[in-house]
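For the numbers below, each heavy atom of this structure counts, side chains included, while hydrogens, waters and symmetry mates do not. Starting from 1, each residue takes its place in the sequence as its number.
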Amino acid sequence: MNTLLKLIIGGITTKLVVDRYRKQNKTPQRRIFISHSWKKGSDDYISLINKLNNADIPFYNHSIPIDRAFDENKKKELEKIFRRQMVYCSKVFVLATRGVKKNTFVMMEIKIAKSLKKEIIAVKPHGQKGIPDFIRKNSNMIISNNINSIKKALK
């Protein structure tokens, strides 16, 4: 009986230690919003999502899904949708491709992110020399589009 009790207590103690170790070393889930174009920038968006998934980085995606594009003519409605999606995220990634113009919804997303005091991270595509000025000026950080830079930005 005494041996059985020791085994049970030892098993419970071991489980508690293992659970505590896993909890301490578990990477927390990041809540992110990725600014992207529903038409033009979807390849870069998908590439970033794939990199996060392939690196086993736990994240919750607050971005507007590509397949749920909203009516771009209803700016006030879109602004509410962007704000609602961003409010619970901690970081906003902006895909800083050269083709992004200042008058697009990216500027609206950046303004909303700044008003919500979200960290704005500009992601510069491979091989691109610069990024649009309005993105550079409003970003807290500019990173390369590689997994090491992305991991560093998520810490």
Worksheet item: Is there a donor in the side chain of N61 and an acceptor in the side chain of Y45, or the other way round, less than 3.5 Å apart?
Response: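 Per modelled atom types, N61 and Y45 side chains form a pair under 3.5 Å.
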Discussion item. Could you check whether S47 and D44, counting side-chain N and O atoms only, form a donor-acceptor pair closer than 3.5 Å?
Written reply: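 S47 and D44 do not have a side-chain donor-acceptor pair below 3.5 Å.
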Inter-residue atom distance [X].[atom1] - [Y].[atom2], 0.5 Å rounding:
X: I49; Y: F93; atom1: CD1; atom2: CZ; answer: 9.5 Å
X: Y60; Y: Y88; atom1: OH; atom2: OH; answer: 11.5 Å
X: F105; Y: K111; atom1: CZ; atom2: NZ; answer: 12.5 Å
X: S63; Y: L48; atom1: OG; atom2: CG; answer: 8.5 Å
X: E79; Y: R84; atom1: CD; atom2: CZ; answer: 12.5 Å
X: F33; Y: Q85; atom1: CZ; atom2: CD; answer: 7.0 Å

Search all heavy atoms of [X] against all heavy atoms of [Y] and return the closest pair with its distance.
X: V92; Y: K118; value: CG2-CB, 3.9 Å
X: H126; Y: N146; value: CE1-CB, 4.2 Å
X: I142; Y: I131; value: CD1-CD1, 3.7 Å
X: K151; Y: A55; value: CE-CB, 4.1 Å
X: M108; Y: L78; value: SD-C, 4.4 Å
X: A122; Y: S139; value: CB-OG, 3.3 Å

Worksheet item: Checking side chain to side chain contact (heavy atoms under 4.5 Å, CB included) for the pair N140/I121: CA distance, chi angles, key distance, verdict?
Response: CA-CA 6 Å; N140 300 91; I121 301 161; 5.8 Å; no
Worksheet item: Do the side chains of M141 and I32 join up, straight or via other hydrophobic residues, at under 4.5 Å, putting them in one cluster?
Response: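 Hydrophobic grouping puts M141 with I32.
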Answer yes or no: is there a donor N or O on one side and an acceptor on the other, between the side chain of [X] and the main chain of [Y], under 3.5 Å?
X: N145; Y: K124; value: no
X: K91; Y: L154; value: no
X: R31; Y: S90; value: no

Item to complete: May I have the step-by-step check of side chain to side chain contact (heavy atoms under 4.5 Å, CB included) for I46 and N50, ending in yes or no?
Response: CA-CA 6 Å; I46 291 168; N50 287 339; 3.5 Å; yes
Worksheet item: Could you go step by step and tell me if I34 and H62 meet the side chain to side chain contact (heavy atoms under 4.5 Å, CB included) rule?
Response: CA-CA 7 Å; I34 303 169; H62 286 269; over 6 Å; no
Worksheet item: side chain to side chain contact (heavy atoms under 4.5 Å, CB included) between I110 and I120: does it pass, once the steps are laid out?
Response: CA-CA 8 Å; I110 288 172; I120 301 170; 4.1 Å; yes
Item to complete: Evaluate the side-chain proximity of R83 to S115: yes if any heavy-atom separation is below 4.5 Å, no if none is.
Response: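 Yes, close enough: below the 4.5 Å cut-off.
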